[in-house]
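What follows is a single structure, written as structure tokens, with notes after it.
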Amino acid sequence: MTASSIFWNVMFYIGVALVVLIAVFPFYYAVLSSFETGTDLFRVNYLPQSWDFSNYETVLGRASFLRSVLNSVFVATVTVLAALLLAVTASYALARVRFRGRGLLLLTILAVSMFPQIAVLSGLYELINWLGLYNTPWALIISYTIFTLPFTVWVLTTFMRDLPVEIEEAAIVDGASPWVIITKVFLPLLWPAMVTTGLLAFIGAWNEFLFALTFTIDETQRTVPVAIANFSGASVQEIPWGPIMAASVVVTVPLIILVLVFQRKIVAGLTAGGVKG
Amino acid sequence: MANIQLRNVTKTYGAVNVIKGIDLEIRRGEFMVFVGPSGCGKSTLLRLISGLESISTGDLYFDGERVNNVLPSKRGIAMVFQSYALYPHMTVYDNMAFGMKLGGSNKADMDARVRRAAQMLQIDHLLDRLPKQLSGGQRQRVAIGRAIVRDPRVFLFDEPLSNLDAALRVQTRLEIAKLHHDMRDVTMIYVTHDQVEAMTLADRICVLRDGLVEQVGTPTELYDHPNSVFVAGFIGSPKMNFLDGDFARAHGCATLGIRSEHIDLVPQGAGIWQGQVIHAEDLGSDNYLFVEIGSKEPLIVRQPGKVAVPEGATVSLQPRPGMLHRFDETGRPVQAPLAAE
Amino acid sequence: MTTTITAATERAMARETGLQQQRVRAAFWFLAPMLLMLFFVAAWPLFRSIMFSFTDADANNIFSGGAEWVGFENYLTWRVRENGDIRWRGVLADPDWWNAVWNTVRFAIISVGLETVLGLLVALMLNAEFKGRGLVRAAILIPWAIPTIVSARMWGWMLNDQYGIINSMLLSVGLIDSPIAWTARPDTAMIAVLIVDIWKTTPFMALLMLAGLQMIPRDMYESAKIDGIHPVKVFFRVTLPLLKPALMVAVIFRLLDALRIFDLIWVLTPRSEGTVTMSVISFQNIREFGDYAEGSAQSSLLFLIILIFVGLYIWLGRVDLTGERS
Ligand SMILES: Nc1ncnc2c1ncn2[C@@H]1O[C@H](COP(=O)(O)OP(=O)(O)OP(=O)(O)O)[C@@H](O)[C@H]1O
Ligand SMILES: [Mg+2]
């Protein structure tokens, strides 16, 4: 090896290390802070000083926080299941059936998933009030459909397009109706894609903030993002950083585990959708 | 079990005319092979018959009944695809039974049919496996088995052997031939690129070219009496020798065709063509001699046995009487007898 | 044939065979529930929001149906004063609105620009073969996996003026000599927002581009290597042009996402002049002041801007977003 190639190799690994450090450090620091209380918390340190669980006790001891987690799980799960249910048949039609206006329809669906949520806010507010769902999880489930449904349709369409044509044709010759093709032939082949898509949609719904902030007011109806954003201490001035960090860690660790476990599938799903989850 | 008639059938994709008007009758129980160059519309034609593609204009009849608007599953057809198209998540048994299950047949009947088909193809020991646990040849047999279970009037094959290696191809070809023999009144339509498959399997061959039927006939008819330069060149291996210019004019035509096995080596000066052997290929049973006689391409001469002709030797060649194929400028056979001969 | 069929009906019959007809009919029923749902949750609310922007809707009259039609008053209107001066009113004459537009555009262009460049660098890095590549890829997924609100909180803590680790780091290396209230000061608030957004989103860009890079055949590089072409030249001549379609799609998705940003700004730099965006100002009007009319006018303007932008992008770039052509 020449000197310059050694130099570039070293530079490369320094770059890699830097990227990893920047990516991981903020979360590491949040974990660190979540175990500190009192003056420890307000002194900057890079390595663990103490293992104090009192922040976690504070957070998990609050009924309203646990309630928020349950709300988030409920809202995200129902939203995703509903979206998948509606999206499977729709994406079959969009991916496998030739009809006029298909390209335009796809583009419209993509547009809906990308348009600014704020643009529907006042209209949606009216609709939700009219349905009597204000300040309930159902308000969120309905409003989250705006972005989860087009997203799942879009990603599943991409996956569905890649299934071999001849298998479908064999099924047609065997006398399978479109419904049978979906349920008996394609679904069993598509479940990895369904898991990926569902997971991405779940993350999207789990993280949603604007609608959650708008359509819930009571602490008991809040989802996790709103709870964390509105976390307050004894007085208005004092921000309870310790418990906030603990709460952040509690809701993030499961997500990180999920994402790392399904790493490859998620990357495939993101690439298929080309959309931020 | 069906007699199939195509009347002026066309197919267009958008502005592209793929099938340009085909009239064809396929007789009950016949083994019909579609051949033609890549992209000529063989698969499309097969898919029109199957109903997987819609016919743009024209009519398709099965046993006299117009089936243009009949669903593929109601036409009494079964199809074997090039890529096997087995359902990856179903066992061999379920793959074969799927169609009958959907049709709502009773279980005992279905079971009997699946097992009989499996026995016929010697795949009865594989019934519990998934497609991914099978070899290519086994997969294709399962695909054929699935077609048999459907008990079709018409069997459709789209290049079923082209994904198999040479040895398996021969074996499976024999099995298909046997199948045709055992199911005497099932009409079979078979698309292939392969000369040998076409010649050995077919009762009749239909040569397609650019969306039109070029010639239909038994393999022997096509081989011995091609009605165009195109068919003459397409059927037979090695390709028929074509001569033009003065060579053809001497026989009163624009293009003169002669198959390699119809040219004899004769003593020096006795033949009508002379030339130098520029290359020789020994196939064991036959020798191919490439002889430069001044035509555009060297003449290929097939000599049975081991005739040792060294490269560079000058030879004299004589076509067998009556084996010359004469074509005019449009590529059609010249009918008028040649006075000089 | 015994019956005479006119040419027209024969053509109609021929065009739709049983199969195609059956499939199109099924497609209709398969699409209907989704389209109906989207109509109710997206199209109808959008329509109503736009309607509100032409009324005087506020918290008192919005649900009672008492809102009155006021035409373009929320957007732009004027009154001639006694002394002859013209007074403009409405969103389009509101400096706060234009500040929000400026913030949004500034944020979108800078964040997407930097994310694209950094994402490309990271993608090129991950495309090289080295030990522990899988681990690195997993590590950069972490920022993406963290909910935006949590990121905002985490970084808010790190950027804290008194106790924040960022200030401590900068102080200790001597880059600054007194702590900076990053999120509170109008001139640094945008920087704080950009840092967090870039940190969170660059991994996503990198992964999209990595997927694009991995589709470029390896032998392309190999033949370039054999020909002795300089790596930098290879990048600009081979890699970049081949990556362009994937890049274009990633950039437009990110731009659309950046233009509607709300949550990060709301939590990281609440009520800061320097970061308030179109979504934020509209939300404030609707939710905090109950001014549905003006808030809807602003959200409708944002929608219009995005619509024009997408139209231009598709038209100019001829981007195949649906993937139908490939
Ligand atoms: N869905 C389609 N849309 C447009 N053109 C098509 C479509 N399907 C086939 N074609 C065109 O129709 C022509 C015939 O195709 P077909 O598949 O029937 O050829 P083939 O004879 O089976 O060729 P091969 O031997 O390569 O399989 C080709 O030129 C092809 O490009
Ligand atoms: Mg073909």
Side-chain angles (χ1 to χ4, degrees), chain A residues 15-16 19-20 23-24 26-27 29-30 33 42 44 86-87 89-90 92-93 97 99 103 106-107 110 112 114-116 118-124 126-127 129 142 145-146 149 153 158 178 207 209-210 214 225 228-229 241 244-245 248 251-252 255-256 259-260 263 267 270-271 274-276, chain C residues 23-24 26-27 30-31 33-34 37-38 41-42 45-46 48-49 52 62-63 122 125 136 138-143 145-150 153-155 157-158 163 165 168 204 207-208 211 249 253 256-257 260 262-263 267 279 282-283 286-287 292 295-296 299 302-303 306 321-324:
Chain A
V16 170
V19 166
V20 172
V24 176
F27 187 65
Y29 192 65
S33 305
F42 296 107
V44 170
L86 292 175
T89 54
Y92 172 82
V97 183
F99 59 89
L106 261 170
L107 213 57
L110 182 63
V112 175
M114 290 316 291
F115 81 32
I118 190 84
V120 294
L121 199 70
S122 48
L124 202 55
E126 184 195 43
L127 178 74
N129 227 44
I142 284 188
T145 302
I146 293 179
L149 184 55
V153 169
T158 327
N207 294 351
F209 183 63
L210 177 59
T214 310
I228 289 183
W241 287 112
I244 288 177
M245 289 303 122
S248 297
V251 302
T252 307
L255 277 190
I256 291 186
V259 167
L260 293 187
Q263 209 192 120
V267 173
L270 282 177
T271 327
V275 191
K276 189 178 179 183
Chain C
R23 287 167 67 80
V24 171
F30 286 168
L31 286 167
M34 180 215 43
M37 192 70 190
L38 279 187
V41 299
L46 178 67
R48 289 298 293 166
S49 295
F52 284 141
I62 181 167
F63 298 131
V122 175
M125 192 179 89
V136 177
I140 68 160
L141 264 174
I142 288 178
I146 295 174
T148 309
I149 300 304
V150 171
R153 284 303 208 164
M154 267 165 39
W155 279 90
W157 171 231
M158 286 172 46
Y163 319 113
I165 192 168
S168 150
F204 166 76
L207 290 177
L208 278 192
V249 173
F253 282 125
L256 293 180
D257 207 39
R260 61 183 178 182
F262 172 80
D263 38 9
V267 175
S279 283
S282 168
F283 178 82
I286 291 172
R287 199 68 182 94
Y292 288 85
S296 300
S299 70
L302 173 59
F303 179 70
I306 288 186
L321 286 176
T322 55
E324 286 258 284

Geometric class of the C/W157/A/Y29 ring pair [parallel <30°, tilted 30-60°, perpendicular >60°]: parallel

Side chain, backbone, both or neither of C/F262 within contact of chain A (heavy atoms, under 4.5 Å): side chain

Side chain, backbone, both or neither of A/F115 within contact of chain C (heavy atoms, under 4.5 Å): both

Close side-chain approach of A/P225 to C/P147, heavy-atom, < 4.5 Å: no

Ring pair (Phe, Tyr, Trp, His ring centres under 6.0 Å) partners of C/Y292, counting only residues at least two apart: A/Y125

Best-contacting candidate, C/M154, C/R23, C/M34, against chain A by heavy atom pairs under 4.5 angstrom: C/R23

Interface moiety of A/V16 toward chain C, non-hydrogen atoms closer than 4.5 Å: both

Side chain proximity check, A/L121 to C/S282, heavy atoms < 4.5 angstrom: no

C/I142 side, atom CD1; A/L260 side, atom CG - distance, nearest 0.5 Å: 5.5 Å

Minimum-distance pair of heavy atoms, taken over all atoms of C/F30 and A/P178: CE1-CB, 3.8 Å

Closest non-hydrogen atom pair, C/A138 against A/Q263: CB-NE2, 3.5 Å

Residue list, salt bridge (charged side-chain N to carboxylate O under 4.0 Å, His left out) with C/R287, at least two apart or on another chain: none

Chain C contact via A/I244 - which portion, at a heavy-atom distance below 4.5 Å: side chain

Which of C/S49, C/A27, C/G295 touches chain A most, by non-hydrogen pairs under 4.5 Å: C/S49

A/F209 vs C/V267, side-chain contact (heavy atoms from CB on, under 4.5 Å): CA-CA, chis, key distance, verdict: CA-CA 10 Å; A/F209 183 63; C/V267 175; 3.8 Å; yes

Heavy-atom pair of closest approach, residues C/R153 and A/M245: O-CE, 3.5 Å

Chain A contact via C/I306 - which portion, at a heavy-atom distance below 4.5 Å: side chain

Which of C/I165, C/V150, C/D263 touches chain A most, by non-hydrogen pairs under 4.5 Å: C/I165

Options A/I146, A/V112, A/I142, A/N129, ranked by heavy-atom pairs under 4.5 Å with chain C, top entry: A/N129

Side-chain touch C/I146/A/F27, heavy atoms, less than 4.5 angstrom: yes

Check: C/F283 and A/L210 side chains under 4.5 Å, non-hydrogen atoms: yes

Shortest non-hydrogen contact between C/F253 and A/M114, atoms and distance: O-CE, 3.4 Å

side-chain contact (heavy atoms from CB on, under 4.5 Å) between C/R48 and A/L127, intermediate numbers included: CA-CA 9 Å; C/R48 289 298 293 166; A/L127 178 74; over 6 Å; no

Heavy-atom pair count under 4.5 Å with chain C, highest-scoring of A/V251, A/T214, A/V153: A/T214

Contact origin within C/I286 toward chain A - heavy atom pairs under 4.5 Å: side chain

